[in-house]
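First comes the structure, then the notes that go with it.
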Amino acid sequence: MQQEIKSEATKQLIAEKAFNLFYKNGFKSTSIDNIMKETSLSKGAFYHHFKSKKEIGLAVIGLKIQKRVMDVMILPLKEPGNAYDTIENVFTKRLKGFSLFEKQHGCPMNNFINELGDNEIAYQSALKNIIEDWKNHLIQIIERGKLERSIKHDTPSEAVAIYLISAFEGIRGLRKLYNNDAVFDEFLTGLSLYLKQIKF
């Protein structure tokens with residue numbers, strides 16, 4: 001039992017360090033040696049838990065990126081309260097809460113999508129699953145908003161969900177080009193104008 005706990009802790013450590021390096025330097029620019037240097041563990045420890053760099057990449061998507069999206073973009077949508085206000089708060093609060101490092105390096109999921117999403121089915125599938133889960137939860141809260149009359153009944157739920165995700169991920173990428181948050185402020189103004197169009 002103790003060995004299993006230690007083994008899982010080692011696996012989590014490797015995934016954490018890999019995530020940090022992928023986020024900072026990119027997946028393709030990060031080697032297994034780079035990852036293991038950060039952990040201070042042997043290369044054998046890596047291969048005990050992961051068969052390849054591809055496998056650690058998929059683990060990072062499943063263990064780290066999916067959890068980030070779930071914790072800050074999906075679970076808050078399930079909170080009780082006005083659906084329209086909840087959607088607005090989730091997207092604006094998250095954008096305002098990024099650290100300087102996160103602003104400079106963009107969205108880890110979006111970085112993965114841009115770097116790997118077009119040439120590897122396994123990565124495409126793993127990343128698409130996160131997007132689909134996020135989209136489905138947004139559709140659910142939009143539908144709830146229609147019932148409670150905080151969102152217009154003729155709002156196309158799936159279209160709005162895809163638009164919100166795409167706009168949010170897009171501004172995360174654009175922010176990497178700027179040295180200040182002016183582009184964020186402009187986005188928030190545009191987001192507010194867009195959301196007002198679906199408000200009941």
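Given the structure is predicted, the values throughout are model-derived calculations rather than measurements.
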Could you name each residue pair satisfying side-chain hydrogen bond (donor to acceptor under 3.5 Å, both in side chains) that touches [range], not counting sequence neighbours?
range	answer
residues 103-114	K103-D181, N111-K176
residues 85-98	none
residues 18-28	none

Side chains of residues 67-80: which donor-acceptor partners sit under 3.5 Å, not counting sequence neighbours?
residue	atom	partner	partner atom	Å
K67	NZ	D71	OD2	2.5
R68	NH2	E102	OE2	3.3

Distance-minimising heavy-atom pair for [X] and [Y]:
X	Y	answer
I56	A15	CD1-CA, 4.0 Å
M36	A45	CE-CB, 4.2 Å
A83	G145	CB-CA, 3.5 Å

Tell me, do [X] and [Y] make a side-chain contact under 4.5 Å, heavy atoms counted?
X	Y	result
M109	W134	yes
L191	L95	no
L164	I87	yes

Study note, to complete from the structure: So the ring-ring contact (aromatic ring centres under 6.0 Å, His included) pairs with at least one residue in residues 31-69 (sequence neighbours excluded) are F46-F50
Check your understanding: What ring-ring contact (aromatic ring centres under 6.0 Å, His included) pairs are there with at least one residue in residues 177-200, not counting sequence neighbours?
Key ->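 For residues 177-200: Y163-Y194.
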Review point. Can you name the residues that form a salt bridge (charged side-chain N to carboxylate O under 4.0 Å, His left out) with E55, not counting sequence neighbours?
Key: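 Checked E55 against salt bridge (charged side-chain N to carboxylate O under 4.0 Å, His left out); zero matches.
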Donor-acceptor contact present, side-chain [X] to main-chain [Y], <3.5 Å:
X	Y	result
E38	A18	no
T155	S157	no
S125	I121	no
Q66	I61	no

Can you list everything that forms a side-chain hydrogen bond (donor to acceptor under 3.5 Å, both in side chains) with [X]? Sequence neighbours excluded, please.
X	answer
N179	none
K135	E132, E158
K128	none
K152	none

So, taking the atom named [atom1] in [X] and the one named [atom2] in [Y], what distance separates them when rounded to the nearest 0.5 Å?
X	Y	atom1	atom2	answer
I131	S166	CD1	OG	8.0 Å
Q124	E120	CD	CD	8.0 Å
I35	L13	CD1	CG	11.0 Å
N34	S29	CG	OG	9.0 Å
I198	K146	CD1	NZ	9.5 Å
I65	L127	CD1	CG	6.5 Å

Review point. Is atom CG of L177 surrounded by more than 12 heavy atoms (other residues, nucleotides or ligands) closer than 6.0 Å?
Key: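 Yes, enclosed.
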Check your understanding: Hey, are E8 and K11 close enough for a salt bridge, meaning a charged N less than 4.0 Å from a carboxylate O?
Key ->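 K11 and E8: not salt-bridged.
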**Study point:** ring pair (Phe, Tyr, Trp, His ring centres under 6.0 Å) partners of Y123, counting only residues at least two apart
**Key:**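 With sequence neighbours excluded, Y123 shows a ring pair (Phe, Tyr, Trp, His ring centres under 6.0 Å) to F27, given in chain and number order.
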Check your understanding: With under 30° as parallel and over 60° as perpendicular, where do the rings of F168 and F98 fit, or are they tilted in between?
Key -> tilted
Review point. Does any donor atom in the side chain of K53 or T30 lie under 3.5 Å from an acceptor atom in the other side chain?
Key: no
